[in-house]
Number of protein chains: 2
Amino acid sequence: MESNKPKTKNRENSCDSKPVFFNLLNDEQLNAVNANRFVVNFKAGETIVKQSSALTHILYIIQGKAKILLEGSEGQTILLKILKQPDVIGGPGFNTDYRHYFTAVALEDTKACFVDVNLFKRLVLSNQPFAMNLIAYLNREIINLYDKLKCLTHKHMNGRLADTLIYLSNDVYQNPEFTTKLSRSDIANMSCMTNESAIRTLKDFKDNGIIDFKGDYFKILKRDVLINISKKG
Amino acid sequence: MESNKPKTKNRENSCDSKPVFFNLLNDEQLNAVNANRFVVNFKAGETIVKQSSALTHILYIIQGKAKILLEGSEGQTILLKILKQPDVIGGPGFNTDYRHYFTAVALEDTKACFVDVNLFKRLVLSNQPFAMNLIAYLNREIINLYDKLKCLTHKHMNGRLADTLIYLSNDVYQNPEFTTKLSRSDIANMSCMTNESAIRTLKDFKDNGIIDFKGDYFKILKRDVLINISKKG
DNA sequence: AAATTAATATGATATATATCAGCTAATACC
DNA sequence: GGTATTAGCTGATATATATCATATTAATTT
């Protein structure tokens with residue numbers, strides 16, 4: 001596998017959830033992975049894995065970014081998170097019914113490495129630290145979902161959009177200013193509100209000098225105010 | 001450990017998430033658990049574990065029921081689920097920061113068996129099926145949380161309350177009629193709405209002949225209608 | 001049994017947010 | 001290069017749900 005430096009994650013109330021599985025393999029196991037793995041290039045907008053389809057491989061992102069979408073039965077979608085190197089696209093189908101429980105779409109041109117899920121399972125069974133690391137990773141996922149549940153049920157639009165902006169700036173782009181391929185409607189889906197509401201709330205933040213944006217360029221001007229809005233709901 | 005028959009779970013879009021860890025132990029491991037474990041009796045309303053406190057034991061419910069609550073910073077609570085034998089009260093603090101990420105409160109008089117978390121960790125490390133089972137369990141938890149997220153963000157009050165009633169009848173009491181120690185405000189917290197809204201929506205269902213209730217007694221009259229309300233949102 | 005408290009219920013009102021409609025700017029296509 | 005199409009934006013309106021106030025009933029306590 002490619003290099004795999006764990007990154008620090010500053011998001012409020014959530015601990016670092018980067019998976020470092022592949023760091024824990026011994027030479028033999030690493031060779032098995034390298035013999036088995038293959039790399040696929042996705043263009044921006046292409047679907048990497050589709051919800052409900054069979055989970056046959058665990059993916060490791062080498063380059064680019066992927067949107068993780070929860071699709072509802074009526075066409076609604078929640079944009080759960082954005083993954084990038086060294087994140088793993090696996091999902092809760094592993095070791096259950098081996099189906100994908102989310103759709104992953106390339107946000108930009110993205111390179112991902114496919115590892116057969118049966119090999120991955122063998123690694124879990126044969127390598128205790130690998131298994132323990134996976135358990136820790138799943139638990140951190142659960143913690144993040146608890147936070148997301150609280151956020152969505154207890155916070156109003158301002159708070160939810162503030163959370164999204166903080167997440168993008170802190171975790172995804174790691175910069176107070178960033179140019180993104182996310183559309184307004186992606187930002188709305190991340191914050192669980194309509195398109196129009198997201199646009200209106202963004203404009204409101206801009207009018208109040210909290211952020212600036214033009215097209216796909218965004219800049220966090222008053223991070224502390226944004227954090228405060230997030231806290232107040 | 002006590003007997004541990006897996007139960008079938010009929011809930012929409014969610015697979016059986018009963019943990020069957022302790023079935024997978026060999027004699028030696030079972031002896032270690034039995035030598036280490038101790039049983040505590042909780043009266044209805046007593047706190048079993050408190051959010052943010054140290055996770056020192058994994059609990060196995062022998063008798064009774066426990067409400068699992070996510071507490072927000074501003075006093076808001078989400079009632080996530082209700083656990084009963086043979087459910088395990090562990091939580092995502094295991095193998096991460098060893099803190100509790102929810103509060104568990106005895107809904108009725110409840111008996112739980114405490115297993116030291118270090119012993120539990122040793123079991124995970126020394127017993128592959130046990131570890132794989134834990135991973136499957138965590139993934140099912142994640143699947144349930146995905147469903148919960150979709151439910152809360154895409155469904156209106158009718159749909160959310162219908163989900164709660166179906167859950168209580170199918171999973172918790174396994175009977176179309178039941179007497180519960182859950183208050184109206186518990187039901188509201190399960191459905192993520194205010195007290196008043198829960199009461200109003202319950203009355204609405206009653207007026208339409210979908211359910212009947214009086215005090216703490218509930219009866220599902222038209223399960224199919226309820227399921228339809230849940231689907232429509 | 002009376003008195004206090006808490007839980008449940010109901011109505012009136014406020015508010016957050018979605019929906020609908022129209023409009024502008026940017027991008028894709030012929 | 002001009003037209004078509006999509007994404008972004010704005011305003012008016014509708015609706016779901018929370019909030020507040022106030023009964024009513026049930027559960028405790030005295």
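Proteins get letters first, then strands, A, B, ... in listed order; numbering begins at 1 in each.
Applying the salt bridge (charged side-chain N to carboxylate O under 4.0 Å, His left out) test to residues at least two apart or on different chains, none of the pairs has a partner in residues 209-218 of chain A. A salt bridge (charged side-chain N to carboxylate O under 4.0 Å, His left out) check over residues 38-60 of chain B, counting only residues at least two apart or in different chains, returns the pairs B:K50-B:E71. Note on residues 170-192 of chain B: pairs passing ring-ring contact (aromatic ring centres under 6.0 Å, His included), not counting sequence neighbours, are B:Y173-B:F178, B:F178-B:F218.
The residues B:E108 and B:K67 are annotated as not salt-bridged, no charged nitrogen and carboxylate oxygen being separated by less than 4.0 angstrom.
Put simply, CG on A:D216 is 15 Å from C1' on D:dT6, counting in whole angstrom units.
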* Structure fact -> Its contact letters, B for base, S for sugar-phosphate only and - for none at protein heavy atoms under 4.0 Å, make nucleotides 8-18 of chain D read SBBBB---SSS
* To do: Starting at the 5' end of nucleotides 23-28 of chain C, put B wherever the base has a protein heavy atom under 4.0 Å, S where only the sugar-phosphate does, and a dash everywhere else.
  => ------
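Taking the six-membered ring where the residue is Trp, B:F94 and B:Y98 present perpendicular rings, their angle passing 60° and hence far from 30°.
Residues satisfying the side chain to side chain contact (heavy atoms under 4.5 Å, CB included) criterion with B:S183, sequence neighbours excluded, are B:S185, B:D186.
In this structure, B:Y101 has its ring center no closer than 6.0 Å to that of A:Y146. The aromatic ring centres of A:F120 and A:H57 sit 6.0 Å or more apart.
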